There are 2 protein chains.
Amino acid sequence: MLDRMAIARAARTQRKTRIQEEKQELILEAALDVFSASGFRGATLDQIADAAGMSKPNLLYYFRTKEAIHRQLIDRVLTTWLEPLRAFDAEGKPEAEIRSYIRRKLEMARDFPRESRLFANEILQGAPHIEDELKGPLKELVDEKAEVIRAWARSGKIAKCDPYHLIFSIWSTTQHYADFDVQVRAVLGQANAGEGRFEDAARFLEGLFMEGLRVR
Amino acid sequence: MLDRMAIARAARTQRKTRIQEEKQELILEAALDVFSASGFRGATLDQIADAAGMSKPNLLYYFRTKEAIHRQLIDRVLTTWLEPLRAFDAEGKPEAEIRSYIRRKLEMARDFPRESRLFANEILQGAPHIEDELKGPLKELVDEKAEVIRAWARSGKIAKCDPYHLIFSIWSTTQHYADFDVQVRAVLGQANAGEGRFEDAARFLEGLFMEGLRVR
DNA sequence: GTAAGCTTTTACCAAGCGGTCAATTTATCG
DNA sequence: CGATAAATTGACCGCTTGGTAAAAGCTTAC
C-alpha cells in the first residue's frame, strides 16, 4: 500500500527489516559484479536485477535509481580501499611499513579485483561522482602519509624521493594486476598466468621498491 | 543514388576521395574524444557526430557501424602505443634503454592521454575487441623484449629481476598519469598539479627504476 | 484471524539508442 | 554547361533503457 514509504522511513529512522538488510546486500553484490565488468553506463538495471535474482521494479524498490546503487557501492569501496594506506604507521620501521603496504595492496588486487575495477572505471570517466571525495578526504589522507614519508627521508631512513609519486607508483603497480588483468594474463601466457603471478609480482615489486628506496 | 557504394568501392580499391580522407579523419578524431571520455558503451553516435560537426546519418555514411569506428581507433592506437617498446634496443646500453623507455612512455601519457584512456577502457572491460591482438602480436613483442632484459640480467648489466613484471610496472606507473589524471590532480592539489607534475614523475620514476635495477 | 504494513510482480511509458531510407544538395569531370 | 557520382540530411523505425503505477501476495503483531 505504502509502496516505497517503507524504504524511505527505514532510511530516516535507520531501522531496517531483516529482508531489507539482506536484499540490499544482495543487490550491492550483484551490482558490483555488473558495474565492475561494464562500467556505470555499460551496466543495465536488468542485468543487475537478473544477477540479484529479482525483478527490476523490485530492485528499484530498494534503490530509487541506478545512480543510488552506484553511489553506495563507490562510497563503500572508497572506504575499504584506503584501509591499507590508513594503516601506514609513522612509528613503524620505514622498510617494513612500505613493504607491508605493497603486499597489502597487492593482496587487495588479487582478492578484490571487482572493487578495484569499479574504482578504476569511475576515475577513468573523470570521477564525476566522487571528485569531492578525492579532493577532500583522500587528499588529506595522502598529505598526511606523504609527510610521514618525507620525514623518513629527511632523517635518512630511506632515500630522498617525492612521497606523492612514490604513493602513486605503489597504487598503479599493484592495481594494475586487477584492472589490467586480461592484458597481464594474455602477455604472461597460459603457462605463467596462474595464481603464481601474484607471488612473482610481489617479489618483483618488493625488490624494486626496497632497492629503489635504499639510502645511498 | 549510389549511397554507400562509394565508400564500399573506396574500401575495396583503396582509392579515396579527398573528402573521404578528411572526413574519416575528422570522425576518428571526434570519436577519440568521445570514446576515451565515456568508453564504448557510454559514447553515443550523436555525441560523435556532434563533435565531428556532422549529422548522424552522414557519420554512418563513412563508418557503417559504431563498432567500426571503435575498431579502427583501437587498431591505430595499439600500433602507435607499442612504438616505444619496439624501439627498445638489445644492442643499446641497458640503463639508457630503460631510462629512455620510461621517459617516452611518460611523454605519451602526457601528450596522448586520450589514446591511453581509450586503451585502458578497452582492457578494463575485458578487452572484448582485441583479446586476439593481446595474445598474439603483443605477447610476442613482450616476449622478445623480455628475453633482452633477461640477457642483460644474466650478463650482470642489471640486477636480476622478472622482466615481465618490470615491463608491467613501467606500463602501469607511466600510464597512471594519463588514466588516473583526475585522481593525480586531486591529490596533488592546485599548487602541484601543473604540468610540472610530469617532470616530477619522470625524476621519481627514473630514480626508482635506476636504483632498483642497479647491480648489487 | 485480521488488519496494517511490507514485498513483489505485471503491465506499461517516455526517452534515448544504433541504424535505415529516400530524397536533396554538392562536387567532379567531360 | 550538363550529367553522373558523391555527400548530406530530415524523417523515421525497432529496440533497449531507466523508471512508474497499481494491484496482488506476503509478514507481522495484536
Side-chain angles (χ1 to χ4, degrees), chain A residues 1-27 30-31 34-35 37-73 128-129, chain B residues 1-28 30-31 34-35 38-73 128-129:
Chain A
M1 260 283 180
L2 291 184
D3 267 7
R4 253 166 206 148
M5 292 285 288
I7 297 290
R9 193 163 62 77
R12 272 199 309 278
T13 62
Q14 260 110 350
R15 211 165 280 177
K16 291 181 191 175
T17 322
R18 175 183 50 84
I19 293 185
Q20 281 171 24
E21 201 89 48
E22 287 174 10
K23 289 293 168 81
Q24 288 193 356
E25 210 51 49
L26 192 69
I27 291 169
V34 179
F35 279 133
S38 311
F40 179 77
R41 195 83 211 284
T44 73
L45 289 181
D46 291 279
Q47 286 175 319
I48 298 172
D50 220 49
M54 64 178 71
S55 65
K56 187 168 59 174
N58 197 186
L59 186 156
L60 285 163
Y61 169 70
Y62 290 104
F63 292 89
R64 307 246 295 256
T65 64
K66 184 185 181 183
E67 281 196 2
I69 308 176
H70 190 251
R71 204 175 317 131
Q72 185 150 341
L73 220 41
H129 305 96
Chain B
M1 260 280 182
L2 290 184
D3 266 6
R4 251 170 208 146
M5 291 285 286
I7 296 290
R9 193 163 62 77
R12 271 199 309 279
T13 63
Q14 260 106 354
R15 211 166 279 177
K16 290 181 191 173
T17 323
R18 176 184 49 85
I19 293 185
Q20 280 171 26
E21 202 89 47
E22 286 174 11
K23 288 294 168 78
Q24 288 192 357
E25 211 52 47
L26 191 70
I27 290 169
L28 287 174
V34 179
F35 279 134
S38 311
F40 179 78
R41 197 85 212 279
T44 74
L45 290 180
D46 291 278
Q47 286 175 318
I48 298 172
D50 222 49
M54 64 179 70
S55 64
K56 187 167 58 172
N58 197 186
L59 186 156
L60 286 163
Y61 170 71
Y62 290 104
F63 291 89
R64 308 246 289 258
T65 64
K66 183 184 180 183
E67 281 197 2
I69 308 176
H70 190 251
R71 204 173 319 131
Q72 183 149 343
L73 220 41
H129 305 95

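Computed from a prediction, not measured in an experiment: that's the story for all the values here. Just the heavy atoms: all of them, side chains too, but no hydrogens, waters or symmetry mates, feed the values below. In what follows, chains are A, B, ... by sequence order, proteins preceding strands, each numbered from 1.
Between the P atom of D:dG19 and the CZ atom of A:F63 lies a distance of 13 Å, rounded to the nearest Å. Here C:dC12 presents its P atom at 19 Å from CG of A:L60, a figure rounded to the nearest Å. Residue A:L59 contributes atom CG, which lies 13 Å from atom C1' of C:dT7 at whole-angstrom precision.
Ring geometry for A:F35 versus A:H70: interplanar angle over 60°, hence perpendicular rather than tilted (30 to 60°).
Side-chain nitrogen and oxygen atoms of B:N58 include none within less than 4.0 Å of the OP1 or OP2 phosphate oxygen of D:dA7. An OP1 or OP2 oxygen of D:dA7 is reached within less than 4.0 angstrom by a side-chain nitrogen or oxygen of B:Y61. The side chain of B:K23 contributes no N or O atom lying less than 4.0 Å from OP1 or OP2 of D:dA6.
When the side chain to side chain contact (heavy atoms under 4.5 Å, CB included) test is applied to A:N58, the partners found at least two apart in sequence or on another chain are A:M54, A:S55, A:Y61, A:Y62.
With D:dG19, C:dG16, D:dT8 as the choices, the nucleotide that has an atom nearest any side-chain atom of A:R41 turns out to be C:dG16. With D:dT8, C:dG19, C:dT10 as the candidates, the nucleotide lying closest to the side chain of A:P57 is C:dT10. Side-chain proximity of B:K56 to C:dG16, D:dT20, C:dG19: nearest is C:dG19.
At its two ends the helix from C:dG1-D:dC30 to C:dG30-D:dC1 runs along axes set 10° apart, each axis drawn from five pairs and the angle rounded to 10°.
Taking a 4.0 Å limit (strictly below) on heavy-atom distances, residues 43-52 of chain A reaches DNA chain D at A:A43, A:T44, A:L45.
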